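Everything numeric here is computed off the predicted structure, so don't read it as measured data.
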Amino acid sequence: MMAFRAAVFAALFFVTGTCAAYADDVTLRSRDGSIELTGTLLGFDGEFYRLRTRYGELTVDGSGVLCDGPGCPSLTDFVAELSISGSSTVGAVLMPALVESFALRSGLSAERTADTVNRFVYTLSRLDDGKPVGRFSFRVTNTDEGFADLLADEADMVMALREIRPGEVALAKDAGLGDLTEANRSRVLALDAMVPIVAAANPVDTISLSDLTRVLTGRLTNWRELGGPDAPVVLHLRDASSGLAQGIEDRLLRAGQAKLRADVQRHGDNAVLAKAVAGDPFGIGLASFSEIGNAKPLHLKGPCGFQLRAARRSIKTEDYPLTAPMFLYLPSRRLPALARDFLAFTRAQPAQIVIRRAGFVDQAPEEVPVDLQGDRFANAILVARDVSGLQELQRLTRRLGQMRRLTTSFRFETGSARLDAQSRSNVQQLSRALEAGQYDGRQLVFVGFSDGDGPSSANRSIARRRAEAVRDAVMLAAETADLNRLAVTTEAFGEAMPMACDDTAWGRQVNRRVEVWVR
């Protein structure tokens with residue numbers, strides 16, 4: 001009976017709290033004294049207690065109980081604690097800028113104090129009386145260290161420049177953190193990209209993804225093979241623990257079970273890498289789009305004549321194949337209200353301005369008219385399959401010519417019908433826009449595209465199913481939207497509008513997508 005009453009007494013969802021901050025025995029009693037629960041206090045977020053009890057880890061609504069014991073927190077002077085760990089690319093500039101902007105817009109002051117070179121704390125206080133209401137503690141190292149801190153329960157949030165790896169997913173489950181690949185366990189904060197760079201005097205201007213992979217694996221070692229001088233190719237990358245470097249290996253090498261060449265010159269941060277490549281006449285590096293310095297970026301090319309340039313719009317749409325989302329990974333436990341407010345702020349329009357000013361690509365959707373998509377249409381005409389391909393392009397132009405493309409696109413994991421991490425974030429972003437009424441009175445068309453493998457009719461059918469799946473996911477997520485206020489349809493054009501050549505797995509993946517067009 002007691003077990004049943006305790007189960008009723010506790011609201012069984014997760015909350016945050018740092019074990020080291022509490023870990024004292026307390027007793028929680030209902031206000032009428034009829035129910036009592038004793039356990040070790042693991043956390044308190046200003047609203048809910050988290051206890052380890054004989055019945056397991058339980059969560060209790062603080063408004064319905066009284067706390068007794070030396071470890072009981074103050075309900076009136078509660079200070080929200082948030083520990084954030086991981087990528088220095090995210091944590092050095094972007095996150096501090098977002099915290100300071102959040103504090104300003106919330107009527108709070110933000111005071112930064114540094115413990116060590118890579119540890120600092122933001123104390124957020126009320127302006128009227130100076131009382132602190134939150135402490136955001138940062139440990140800025142790399143993506144590996146961030147996930148390690150989360151697994152050790154020493155971080156509430158991970159800054160990552162790559163998706164979580166299968167081994168880390170398994171360890172998180174074993175540690176009781178649940179499935180970190182679920183949609184609500186991560187969000188895309190901003191976008192970066194991996195850009196091939198060379199010295200300004202290097203005569204090479206373009207490189208294909210297949211040749212870039214050959215450089216990484218050591219199968220291409222002389223610039224002469226790329227149209228350059230008879231000289232060795234020197235490869236520069238970030239340090240091995242960097243999320244950017246690991247993302248390169250995950251996306252360009254792991255699929256083909258290839259290994260990175262051994263003679264790589266490693267660099268501790270993006271600025272140092274860009275400077276080293278700019279000063280090396282025979283060097284090539286993969287740098288962050290946000291920090292290429294005086295180096296020259298190379299365009300990506302393919303044998304079908306396509307060229308892709310890393311630019312804000314092509315990164316935002318994921319048309320550029322080496323886009324690198326900047327993630328925040330979250331635990332399953334509940335975060336304090338102040339932390340939840342901060343996370344909500346990161347998706348708001350003022351935060352997108354901060355992200356752009358920090359040199360990264362924001363998540364705010366833009367509408368691109370057809371007259372700014374000339375390169376896409378020209379490329380599509382060049383590679384169109386016979387007369388039927390050109391007819392399909394004409395049908396596309398008639399259908400979409402008076403509409404605008406949203407920069408919000410959707411793509412799928414390799415060999416899977418599951419949306420990739422950025423696209424899962426895009427589902428949430430677009431659904432919130434629908435709930436806010438941003439597209440009331442307008443028409444939205446989810447348009448499916450495919451790669452060029454297989455017959456055109458089959459590709460069109462596959463593309464339509466993808467468009468319908470994305471539409472359904474967005475509509476399901478937009479729980480409070482009044483869908484009667486807008487028109488939502490689907491369309492499919494198969495391989496009619498390729499974004500890349502189909503000669504590589506990456507090219508085919510870029511082409512398999514769902515776009516959103518609006519009128």
Side-chain angles (χ1 to χ4, degrees), residues 160-165 169 179-194 247 250-251 255 308 312-330 346-347 352 355 360-368 405-435 439 444-451 462-478 488 490-493 497-500 505-518:
L161 275 184
R162 59 167 173 81
E163 289 193 60
I164 190 169
R165 288 172 162 173
V169 172
D179 186 356
L180 286 173
T181 65
E182 292 179 349
N184 62 339
R185 304 302 302 281
S186 67
R187 64 175 57 195
V188 176
L189 180 67
L191 300 175
D192 201 354
M194 298 176 282
D250 288 351
R251 299 173 70 177
L308 294 169
R312 186 179 61 84
R313 186 174 292 154
S314 64
I315 293 170
K316 183 177 284 193
T317 58
E318 280 192 284
D319 292 346
Y320 183 74
L322 298 182
T323 297
M326 306 172 77
F327 295 99
L328 290 179
Y329 276 88
L330 312 170
T346 63
R347 293 190 184 275
Q352 307 313 306
I355 290 167
F360 299 101
V361 178
D362 63 278
Q363 293 280 278
E366 301 174 29
E367 298 181 12
V368 187
R405 179 195 178 188
L406 282 187
T407 51
T408 304
S409 300
F410 302 88
R411 286 183 169 83
F412 302 83
E413 293 179 346
T414 304
S416 171
R418 186 172 187 250
L419 290 171
D420 64 23
Q422 182 177 339
S423 298
R424 295 195 296 272
S425 181
N426 287 347
V427 167
Q428 300 303 316
Q429 176 210 66
L430 183 55
S431 65
R432 282 192 304 276
L434 295 181
E435 291 176 332
Y439 297 102
L444 270 68
V445 182
F446 289 81
V447 185
F449 295 93
S450 71
D451 58 42
I462 292 171
R464 183 175 297 279
R465 289 199 297 272
R466 288 182 179 138
E468 291 170 348
V470 172
R471 176 204 60 191
D472 293 346
V474 172
M475 296 300 104
L476 182 64
V488 180
T490 61
E491 184 59 271
F493 296 100
M497 183 71 79
M499 296 305 308
W506 267 111
R508 291 188 292 274
Q509 185 173 2
V510 168
N511 289 334
R512 296 191 293 264
R513 69 196 185 278
V514 174
E515 299 178 358
V516 183
W517 288 66
V518 297

Please table the atom pairs, donor to acceptor, closer than 3.5 Å between any side-chain atom in residues 185-193 and protein atoms at least two apart or in another chain.
{"residue": "Arg185", "atom": "NE", "partner": "Leu330", "partner atom": "O", "Å": "3.0"}
{"residue": "Arg185", "atom": "NH1", "partner": "Leu177", "partner atom": "O", "Å": "2.9"}
{"residue": "Arg185", "atom": "NH1", "partner": "Asp179", "partner atom": "O", "Å": "3.4"}
{"residue": "Arg185", "atom": "NH2", "partner": "Leu177", "partner atom": "O", "Å": "2.8"}
{"residue": "Arg185", "atom": "NH2", "partner": "Leu330", "partner atom": "O", "Å": "3.1"}
{"residue": "Arg187", "atom": "NH1", "partner": "Leu343", "partner atom": "O", "Å": "2.8"}
{"residue": "Asp192", "atom": "OD1", "partner": "Ser288", "partner atom": "OG", "Å": "3.1"}
{"residue": "Asp192", "atom": "OD1", "partner": "Phe289", "partner atom": "N", "Å": "3.0"}
{"residue": "Asp192", "atom": "OD1", "partner": "Ser290", "partner atom": "N", "Å": "3.4"}
{"residue": "Asp192", "atom": "OD2", "partner": "Ser288", "partner atom": "OG", "Å": "2.5"}

Donor-acceptor pair, distance only, cut-off 3.5 Å: does the side chain of Asp451 make one with the backbone of Asn511?
no
Keeping the roles fixed (side chain from Gln352, backbone from Gln363), state whether a donor-acceptor pair exists under 3.5 Å.
yes
Listed partners of [X] passing side-chain hydrogen bond (donor to acceptor under 3.5 Å, both in side chains), at least two apart:
| X | value |
| --- | --- |
| Arg312 | Glu366 |
| Thr317 | Asp319 |
| Ser423 | Asp420 |
| Arg471 | none |

The criterion is salt bridge (Lys or Arg N to Asp or Glu O under 4.0 Å); which residues satisfy it with [X], sequence neighbours excluded?
| X | value |
| --- | --- |
| Arg162 | Asp144, Glu168 |
| Glu318 | none |
| Arg313 | none |

So which atom in [X] and which in [Y] form the shortest heavy-atom distance, rounded to 0.1 Å?
| X | Y | value |
| --- | --- | --- |
| Pro321 | Leu308 | CD-CD1, 3.6 Å |
| Leu444 | Tyr439 | CD1-CB, 3.7 Å |
| Gln429 | Pro365 | NE2-CD, 3.9 Å |

Between [atom1] on residue [X] and [atom2] on residue [Y], distance to nearest 0.5 Å:
| X | Y | atom1 | atom2 | result |
| --- | --- | --- | --- | --- |
| Phe412 | Arg512 | CZ | CZ | 10.0 Å |
| Thr181 | Arg165 | OG1 | CZ | 16.0 Å |
| Arg411 | Asn426 | CZ | CG | 10.0 Å |
| Trp517 | Leu406 | CH2 | CG | 10.0 Å |

State, without any angle test, whether Gln422 and Thr323 hold a side-chain donor-acceptor pair at a distance under 3.5 Å.
no
Set of side-chain contact (heavy atoms from CB on, under 4.5 Å) partners for [X], sequence neighbours left out:
| X | value |
| --- | --- |
| Ala492 | Arg460, Ala463, Arg464 |
| Arg465 | Ser461, Ile462 |
| Gln428 | Ser431, Arg432, Ala477 |

Any non-hydrogen side-chain atom of [X] less than 4.5 Å from a side-chain atom of [Y]?
| X | Y | answer |
| --- | --- | --- |
| Phe360 | Ile315 | no |
| Val488 | Leu434 | no |
| Arg347 | Ser425 | yes |
| Leu430 | Phe446 | yes |

Starting from the C-alpha separation in whole Å, work towards a yes-or-no answer on side-chain contact (heavy atoms from CB on, under 4.5 Å) for Val361 and Tyr320.
CA-CA 13 Å; Val361 178; Tyr320 183 74; over 6 Å; no
Could you go step by step and tell me if Val368 and Lys316 meet the side-chain contact (heavy atoms from CB on, under 4.5 Å) rule?
CA-CA 12 Å; Val368 187; Lys316 183 177 284 193; over 6 Å; no
Can you list the steps and then say if Arg405 with Val516 is a side-chain contact (heavy atoms from CB on, under 4.5 Å)?
CA-CA 6 Å; Arg405 179 195 178 188; Val516 183; over 6 Å; no
State which residues pass ring pair (Phe, Tyr, Trp, His ring centres under 6.0 Å) with Phe327; sequence neighbours excluded, sorted by chain then number.
Tyr329
